[in-house]
*Asks:* 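Here it is: the structure, laid out below.
Note that these values count all heavy atoms, side chains included, but never hydrogens, waters or copies made by symmetry. Just so it is clear, the structure is predicted and the values come from calculations on it, not from any experiment.
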Amino acid sequence: IVVATDAPLDSRNLNRLAKRAFMGLAKTGGIAHNGSGDYVIAFSTDPLLRIDHNASGKIQTVNLLTNDAISPLFMAAIEATEEAIINSLFAATTTRGIGNHVAEALPVEKVMDILKKYNRIR
């Protein structure tokens, strides 16, 4: 999972943000079992966080979001991860692999009917 933001976050809060992306994985049924290979990388593109390689001084001051201001970003990471996983499930196509093994695509119409039946969508 890749979490990119333009919010001014330091490494500590980027780490906290990455942990929230796992909650999005969990909401889709993923359990991050042993050997699953699930990992998250989070980074900020805020230009004010970049280190000036020609800096004249020895100290650089940066403005960062406070802990209280980051909660909406946590929710966004959770929801974006969940949405990306669901989108990938619905976009998948049937594939045929070695030994003629077949992985069937999700039957979208059937899934939509089930979701409607249980009032998960309208």
*Asks:* Begin from the C-alpha positions of Ile86 and Thr28 and carry the test side-chain contact (heavy atoms from CB on, under 4.5 Å) through to its verdict.
*Replies:* CA-CA 7 Å; Ile86 291 169; Thr28 65; 4.2 Å; yes
*Asks:* Could you give me the CA-CA distance, side-chain angles and deciding distance for Asp68 and Thr66, then say whether side-chain hydrogen bond (donor to acceptor under 3.5 Å, both in side chains) is met?
*Replies:* CA-CA 5 Å; Asp68 288 338; Thr66 64; 5.4 Å; no
*Asks:* Side-chain heavy atoms under 4.5 angstrom apart, residues restricted to Ile, Leu, Val, Met, Phe, Trp, Tyr: same cluster for Met23 and Ile70?
*Replies:* no
*Asks:* Atom CD1 of residue position Ile51 - does it have more than 12 heavy atoms of other residues, nucleotides or ligands inside 6.0 Å?
*Replies:* no
*Asks:* Can you tell me how far apart CZ (Arg20) and OG (Ser71) are? Round to the nearest 0.5 Å.
*Replies:* 8.0 Å
*Asks:* Could you tell me which non-hydrogen atom of Pro8 sits nearest to which non-hydrogen atom of Asn63, and how far apart they are?
*Replies:* CB-O, 3.3 Å
*Asks:* Distance check, rounded to the nearest 0.5 Å: Glu82 atom CD versus Leu25 atom CG?
*Replies:* 10.5 Å
*Asks:* Quick check: closest heavy atoms across Ile1 and Thr81, and the distance to 0.1 Å?
*Replies:* CD1-CG2, 3.7 Å
*Asks:* Does OH in Tyr39 sit with more than 12 non-hydrogen atoms of other residues, nucleotides or ligands closer than 6.0 Å?
*Replies:* no
*Asks:* Any link between Ile85 and Ile31 through a network of hydrophobic side chains (Ile, Leu, Val, Met, Phe, Trp, Tyr) touching at under 4.5 Å?
*Replies:* no
*Asks:* Are Ser44 and Asp46 linked by a side-chain donor-acceptor pair shorter than 3.5 Å?
*Replies:* no
*Asks:* Considering non-hydrogen atoms only, spot the tightest contact between Leu49 and Ala7 and give its length.
*Replies:* CD1-O, 4.4 Å
*Asks:* Does a side-chain heavy-atom distance below 4.5 Å link Thr94 with Val102?
*Replies:* yes
*Asks:* So, for Arg50 and Gln60, which heavy atoms are closest and what is the spacing to 0.1 Å?
*Replies:* O-NE2, 3.0 Å
*Asks:* Taking only residues two or more places apart in sequence or in another chain, which ones pass side chain to side chain donor-acceptor pair (under 3.5 Å) with Asn67?
*Replies:* Arg12, Asn13, Arg16
*Asks:* Could you walk me through whether Leu64 and Leu9 pass the side-chain contact (heavy atoms from CB on, under 4.5 Å) test, one step at a time?
*Replies:* CA-CA 6 Å; Leu64 301 171; Leu9 301 179; 5.8 Å; no
*Asks:* What are the two closest heavy atoms between Leu14 and Phe43, and how far apart are they?
*Replies:* CD2-C, 3.8 Å
*Asks:* Once rounded to the nearest 0.5 Å, what's the spacing between atom OG1 of Thr95 and atom CD of Glu104?
*Replies:* 8.5 Å
*Asks:* Decide yes or no on side-chain contact (heavy atoms from CB on, under 4.5 Å) for Asp113 and Lys117, but give the supporting numbers first.
*Replies:* CA-CA 6 Å; Asp113 289 342; Lys117 178 180 177 181; over 6 Å; no
*Asks:* Is the count of non-hydrogen atoms from other residues, nucleotides or ligands lying under 6.0 Å from Asn100 atom CG greater than 12?
*Replies:* yes
*Asks:* If you look at every heavy atom in Ala18 and Val40, which pair is closest and at what distance?
*Replies:* CB-CG1, 3.5 Å
*Asks:* When you look at Phe22 and Lys27, which way does the side-chain contact (heavy atoms from CB on, under 4.5 Å) test go after all the steps?
*Replies:* CA-CA 9 Å; Phe22 271 116; Lys27 287 181 72 175; over 6 Å; no
*Asks:* Establish whether Met112 and Leu89 are linked, either directly or via other cluster members, by ILVMFWY side-chain heavy-atom contacts under 4.5 Å.
*Replies:* yes
*Asks:* For the hydrophobic clusters of this structure (ILVMFWY residues joined by side-chain heavy atoms under 4.5 Å, transitively), does one cluster hold both Val111 and Val108?
*Replies:* yes
*Asks:* When you group the ILVMFWY residues by side-chain heavy-atom contacts below 4.5 Å and let the links chain together, are Ile78 and Leu17 in the same group?
*Replies:* no
